[in-house]
Amino acid sequence: FKYELGDVDVSADGINSAMDSITFRAHATLNRTGTFDAKLDLDPYSTRNLHLQYTIDRMGMSDLGPYAVFFVAHPILDGHTRYVCNTTVVDNKLHSENKILVTDFEFGRKMDIKDAMDLPMRFAVSLLKDKNGDIKLDLPVEGDLDDPEYKVWPVIWQVLKNLVVKAISAPVNMLARAFDVLDR
């Protein structure tokens with residue numbers, strides 16, 4: 001497995017004590033085809049306030065192929081991802097919008113990998129696709145970082161629950177798409 005980060009550029013605005021915020025920017029090329037662009041605005045007087053925006057665009061799904069084979073015994077043959085994250089923390093209150101678009105995604109046939117999970121991956125992917133064959137996911141995350149009860153695992157479970165709900169509703173949506181009733 002090899003992954004190449006190229007054209008890496010990280011910069012910051014001038015930093016001085018009179019600034020209300022400090023802005024950092026980053027850019028990189030991902031495995032020669034994709035891009036990573038980020039902007040981070042920090043409050044220089046408090047770690048409780050920040051704004052992070054980043055986009056991963058045209059990342060080849062086949063770049064994740066070794067992981068897919070190892071964990072779910074299916075090679076990734078094709079597909080590209082666009083992931084947009086917009087995260088704000090104000091007074092330690094987290095609000096994050098995460099949008100994922102996967103186009104032209106295709107798993108290969110299941111391989112005989114002893115320790116891989118036995119999941120119907122090709123079927124699951126077909127359920128998540130819209131009428132154009134794209135997978136679109138919106139994954140909001142919110143929470144109070146000062147709350148000792150706030151933990152990341154419930155957020156992850158909520159995301160998984162939303163995916164299951166989408167998969168359960170998929171057969172109805174698939175029929176609607178077949179008759180061109182649903183416009184998603």
Q) Are Leu139 and Ile100 close enough, and set up right, to give a side-chain contact (heavy atoms from CB on, under 4.5 Å), and what steps lead you there? A) CA-CA 8 Å; Leu139 307 170; Ile100 301 170; 3.7 Å; yes
Using modelled atom types only, decide if a donor and an acceptor are shared between the side chain of [X] and the backbone of [Y] within a distance under 3.5 Å.
X      : Y      : value
Asp91  : Lys93  : no
Ser46  : Arg48  : yes
Asn31  : Glu4   : yes
Asn132 : Asp134 : no
Asp78  : Glu106 : no

State the [atom1]-[atom2] distance between [X] and [Y], to the nearest 0.5 angstrom.
X      : Y      : atom1 : atom2 : value
Asp7   : Arg32  : CG    : CZ    : 10.5 Å
Leu127 : Ile135 : CG    : CD1   : 10.0 Å
Leu94  : Asp146 : CG    : CG    : 11.5 Å
Lys39  : Gln53  : NZ    : CD    : 6.0 Å
Phe71  : Met121 : CZ    : CE    : 12.0 Å
Leu101 : Tyr83  : CG    : OH    : 13.5 Å

Q.
If the test is side chain to side chain donor-acceptor pair (under 3.5 Å), which one of Thr87, Asp43, Asn86 qualifies with His51?
A.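 Filter result, single survivor: Asn86.
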Q: Go through the side-chain N and O atoms of Asp9 and Ser11 and say whether any donor and acceptor fall under 3.5 Å apart.
A: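 No, Ser11 and Asp9 have no side-chain donor paired with an acceptor closer than 3.5 Å.
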Q: For a ring-ring contact (aromatic ring centres under 6.0 Å, His included) with His74, tell me which candidate from Tyr67, Phe123, Phe107 qualifies.
A: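 The option that passes is Phe107.
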Should [X] and [Y] count as side-chain neighbours, where that means a heavy-atom distance under 4.5 Å?
X      : Y      : value
Arg82  : Lys99  : no
Val102 : Lys129 : no
His80  : Thr103 : yes
Met59  : Leu64  : yes
Tyr54  : Leu40  : no

Q. Is Phe105 linked to Leu128 within one hydrophobic cluster, defined over Ile, Leu, Val, Met, Phe, Trp and Tyr using a side-chain heavy-atom separation of less than 4.5 Å?
A.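 Both belong to a single hydrophobic cluster.
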Q) Are there more than 12 heavy atoms of other residues, nucleotides or ligands under 6.0 Å from atom CZ of Phe70? A)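 No, the 6.0 Å shell around CZ holds no more than 12 heavy atoms from other groups.
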Q. Does the pair Glu97 and Asp138 meet the rule for a side-chain contact (heavy atoms from CB on, under 4.5 Å), with working shown?
A. CA-CA 7 Å; Glu97 297 173 4; Asp138 291 331; over 6 Å; no
Q) Do the charged groups of Arg25 and Asp37 touch, with an N to O distance under 4.0 Å? A)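 Salt bridge between Arg25 and Asp37, a charged N being under 4.0 Å from a carboxylate O: no.
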